[in-house]
Amino acid sequence: MQYPAHQIESKWRTWWETKKLYRTPDRVKGKKNFYHLVMFPYPSGDLHIGHWFNFAPADIWARWKRRQGQFNVLSPIGFDAFGLPAENAAIKGKLHPRVWTMQNIERMREQLKSMGAIYDLSREVVTCDPEYYRWNQWIFLQLFKPGLAYRAPVAANWCPQCKTVLANEQVVDGACDRCGASVVQKHVTQWLFKITAYADRLLQGLGELDWPEKTKAMQRNWIGKSEGAIIAFPIAKFGSVIAGPSAWLGVNSAKQSRNQQEIAARPSGARNDEHSIEVFTTRADTLFGATYIVLAPEHPLVDALTSAKHKPAVERYLNAARRKTELERLAETKEKTGVFTGAYAINPVSGRKIPIWISDYVLASYGTGAIMAVPAHDERDFAFAKTMKLPVVEVVSPDAKPHSRPSRAYMDDGILVRSDRFSGMSSADGRRHIVDSLAKEGLAKVTVQYRLRDWIISRQRYWGTPIPVIYCRKCWEIQSQNKPKAPNTKLRAGIDYTVFQGKEYVIHSVPEHDLPVLLPDIRDFKPTGAGTSPLARSKKFVSANCPKCGGPAKRETDTMDTFVDSSWYYVRYADSHNNKRFADPEKVAAWLPVNMYIGGAEHSVLHLLYSRFFTKALFDLGHLKFQEPFRALRHQGFVLGEDNYKMSKSRGNVVSPDELVHRYGTDVVRLYLAFMGDWSKGGPWSSKGIEGMARFVRRLWDFFAQAKFSELELSAELRRLEHETVKKVGADIAGFQFNTAVSSLMVFFSRLQIEPAREAVKVFVQLLAPFAPHLAEELWQVVLKERGSVHESPWPKYSKRTLQTGTVTIVVQVDGKVRERLTLPAGATERQALEAAWQSPKVVRYVTPETLRKSVFVPKRLLSLVRKQS
RNA sequence: GCCGGGGUGCUGAAAUUGGCAGACAGGGUGGACUUAAAAUCCGCUGAGCGUAAGCUCGUGUGGGUUCGAAUCCCACCCCCGGCACCA
């Protein structure tokens with residue numbers, strides 16, 4: 001008989017909807033709340049097979065969890081609705097981004113429904129809705145108050161195609177992760193979130209999380225903590241030494257953290273003065289081998305240090321460096337280029353005069369923007385020294401003996417040589433002692449550096465959340481009039497005021513009661529390309545009244561990175577439609593943190609890191625009571641095309657879930673996605689494979705249509721298989737091994753065809769329900785005539801005792817080789833197994849009680865017999 | 001280079017974590033049904049030897065531990081993902 005998939009599926013979906021089966025109240029008596037979440041989709045217009053591979057197995061898991069009885073499971077869904085594609089499509093198709101986005105959402109809602117998931121749709125979140133982004137703005141203002149949001153001039157990644165600035169995390173191999181265009185560095189003033197202030201806590205917090213090790217490692221890597229020291233090299237300016245203690249190293253820690261804040265704001269992280277250059281190193285043990293200094297091209301001392309004679313060459317070099325794209329810089333890691341400044345510094349331990357060079361192999365944004373070069377012990381310095389013919393001095397030796405003319409850099413630890421009174425020490429001791437001794441003179445300081453940089457959130461695009469800030473020139477004038485001579489020593493750049501075209505403006509928050517700052521309807525939302533967003537074209541939007549002095553002022557026109565939206569949407573699901581606060585604290589407490597989060601691994605250092613930062617910041621500000629948003633995390637793999645390549649329109653290997661649902665029905669697609677292979681790995685699609693699943697479901701359907709179920713007691717074998725299947729399917733779903741769960745259902749079903757005992761059939765349908773919810777409901781209510789939804793029936797139980805009943809096959813090995821299989825009761829002891837073994841001609845051919853040296857017995861599994869050596 | 005994950009039939013993959021290697025599927029092949037095809041159903045399907053019972057080999061390579069290794073240890077090769085001029 002034909003399997004009427006569509007008829008069944010729409011029937012039961014309607015029924016579930018009318019019964020409000022999947023509405024999730026905030027509290028259910030006697031149950032514990034369990035927050036199960038999938039990463040919300042971007043409304044691109046179509047739910048693709050990758051979404052299905054994420055959502056459908058996640059739904060299997062949620063349905064299983066719900067059936068355990070003691071959990072009130074929340075499984076919400078929404079749309080990450082701001083972002084570039086809407087704009088780009090709109091620019092092409094002349095549709096307003098809002099219209100484009102909302103139409104897509106409309107369509108995807110229906111596609112999501114066709115999946116038959118247990119989403120509580122009443123909690124839907126759409127980030128481009130003012131009801132939602134109002135709270136983006138509110139959170140921005142909370143971060144702004146303590147200076148966690150600030151405006152600063154930065155060397156930012158600029159995508160010339162998208163005409164906007166990008167976060168570090170959004171640049172992949174020097175290219176824009178949206179459009180693939182090569183990214184260039186642009187010096188602009190932008191809004192940033194101070195994620196670096198949380199570097200250490202973001203690192204520490206990883207320990208307690210039930211996340212894939214890989215993802216944690218990626219975050220650790222990205223944060224990139226390295227412990228070392230900052231060492232000051234006095235400048236020997238044009239021959240004459242101006243020595244003295246470092247300006248920065250002596251300051252106390254309170255000032256220091258403020259200093260760091262400003263450092264993050266500056267394109268170079270350098271903190272130097274006219275007397276010394278500070279470098280960061282993890283290898284202070286190699287200090288005696290530092291034969292020159294290298295500054296990043298953007299280093300603030302470049303100008304002051306360059307001698308008149310060297311000025312033209314330096315200018316030429318700096319210009320060339322500026323023109324290079326990120327990609328070009330990455331491509332030239334082998335060949336080193338650079339230029340001499342004409343200036344010298346003093347190696348603080350050896351007292352030697354060493355030259356100061358400029359090269360773009362030193363990054364302005366890491367450490368102090370300057371390095372001590374130790375060519376004998378660093379590959380890059382070695383290459384540079386060779387090219388520029390600079391001296392190479394070995395100071396760490398693998399065998400404690402000095403060698404001359406090394407042919408390559410020796411990077412490992414060793415024993416110090418040519419290092420004065422430190423010679424003979426191990427590298428580890430050397431590092432400590434050298435830093436200690438310099439610290440006493442104020443020339444060194446133990447420091448930790450992070451690779452992580454602050455998150456640039458300004459975007460010069462239309463379709464995003466307006467940044468709720470107003471700039472007032474009048475307020476600045478009032479302030480500076482009060483203190484004409486020493487203007488505003490207390491005002492902090494980027495927090496209290498900012499600069500536009502050489503003029504200072506005071507930064508004001510938009511008052512909270514004026515939120516949301518609505519994204520205005522404008523006609524031309526093409527990016528300007530001039531470093532401003534299209535909103536800057538709207539005079540109506542730009543002009544505002546200053547919230548402080550009431551005078552004419554101007555609004556910020558950049559919008560927020562859409563990753564801001566997704567950094568807290570999971571909190572909003574707890575209370576999606578609250579218009580008084582971002583979420584009611586009681587409801588947040590009822591649901592958060594998320595217990596199980598499921599989505600792609602591609603967000604490992606973007607969304608997943610940003611969300612952790614938001615949570616910690618909002619915790620510090622007293623708005624959240626937990627510090628980690630996602631207790632457990634699982635990633636699905638990638639579904640590839642049938643040809644084993646990534647699905648793409650140009651390859652023509654894309655499979656459309658809509659078509660699959662049309663042809664086979666939802667449940668077949670769900671079952672096949674579960675069965676395909678290792679869910680966490682993903683793999684190639686197989687059109688033959690899903691045919692096979694359709695065959696299985698048809699067989700199932702025919703069986704239920706025709707079988708007469710027996711009311712007889714189950715045979716011992718069937719009973720044990722039933723219990724084994726209950727155990728296996730439960731454990732497999734729990735461990736995201738959906739493929740083996742389906743396979744054991746298939747095994748169970750084969751046996752039911754031989755022995756269609758009603759009691760076991762019932763259990764089968766209950767186990768099938770999370771995978772094929774519609775089919776199982778039909779079989780449960782219509783065929784088996786059970787009352788109520790199968791999805792509300794408790795998950796079947798198994799007993800350990802039943803697992804021990806019946807007979808088992810015990811393998812007999814002689815000297816490690818399988819020689820016989822014995823069928824014995826499951827509870828058989830070693831003695832019984834041995835007795836049976838001696839009855840077997842196949843065994844006694846190889847070993848007898850007389851020649852037996854020892855035996856090893858594993859209950860239910862094997863008997864291993866070892867012969868005496870002859 | 002560093003970090004993470006892998007390498008098992010023709011293919012997707014299993015293997016209760018040291019205990020029957022290849023479950024469950026796909027594909028192939030033989031057969032039943034059919035005038036025929038499709039669909040369906042039933043066998044067989046890691047390699048080699050053997051009429052057969054059975055034997056030998058077999059989880060990237062080489063070695064080791066063990067009664068017993070896909071699983072643990074050592075060395076190496078290869079593939080995928082991430083990071084990378086981060087001092």
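Numbers restart at 1 for each chain; the letters A, B, ... are given by sequence-line order, proteins then strands.
Classification of B:G9 as syn follows from a glycosidic angle within 90° of 0. B:U71 adopts an anti glycosidic conformation, its chi angle falling more than 90° from 0.
With the 3.5 Å cutoff on both pairing distances, Watson-Crick and G-U pairs in RNA chain B assemble into runs of at least 3 at B:1-7 with B:77-83, B:10-12 with B:24-26, B:27-32 with B:40-45, B:46-49 with B:54-57, B:60-64 with B:72-76.
Along RNA chain B, the nucleotide nearest A:Val811 and the nucleotide nearest A:Val605 are compared for position; the residue whose nucleotide lies closer to the 5' end is A:Val811.
Interface remark: the A:Lys336 side chain does form a donor-acceptor pair with the B:C85 base, using a distance-only criterion of under 3.5 Å.
Taking atom CZ of A:Arg220 as the reference point, atom C1' of B:G5 lies 15 Å away to the nearest angstrom.
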For nucleotides 22-25 of chain B, which of its nitrogen or oxygen atoms have a protein nitrogen or oxygen under 3.5 Å away, and what is each distance?
none

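Remark: the separation of the P atoms in B:G62 and B:A14 is 25 Å, to the nearest Å.
Under the 6.0 Å cut-off for aromatic ring centres, A:Phe696 and A:Trp701 do not qualify, their centroids lying 6.0 Å or more apart.
Remark: A:Lys225 is not positioned above the aromatic ring of A:Tyr450, lacking an NZ or CZ atom under 6.0 angstrom from the ring centre and at most 45 degrees off the axis.
Ring geometry for A:Tyr361 versus A:Phe384: interplanar angle of 30 to 60°, hence tilted.
Using a 4.0 Å heavy-atom distance criterion, A:Lys727 is classed as making no nucleic acid contact.
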Exercise for the section: Report, as a single string ordered 5' to 3', how protein heavy atoms within less than 4.0 Å touch nucleotides 63-68 of chain B: B base, S sugar-phosphate only, - not at all. Expected result: ----BS
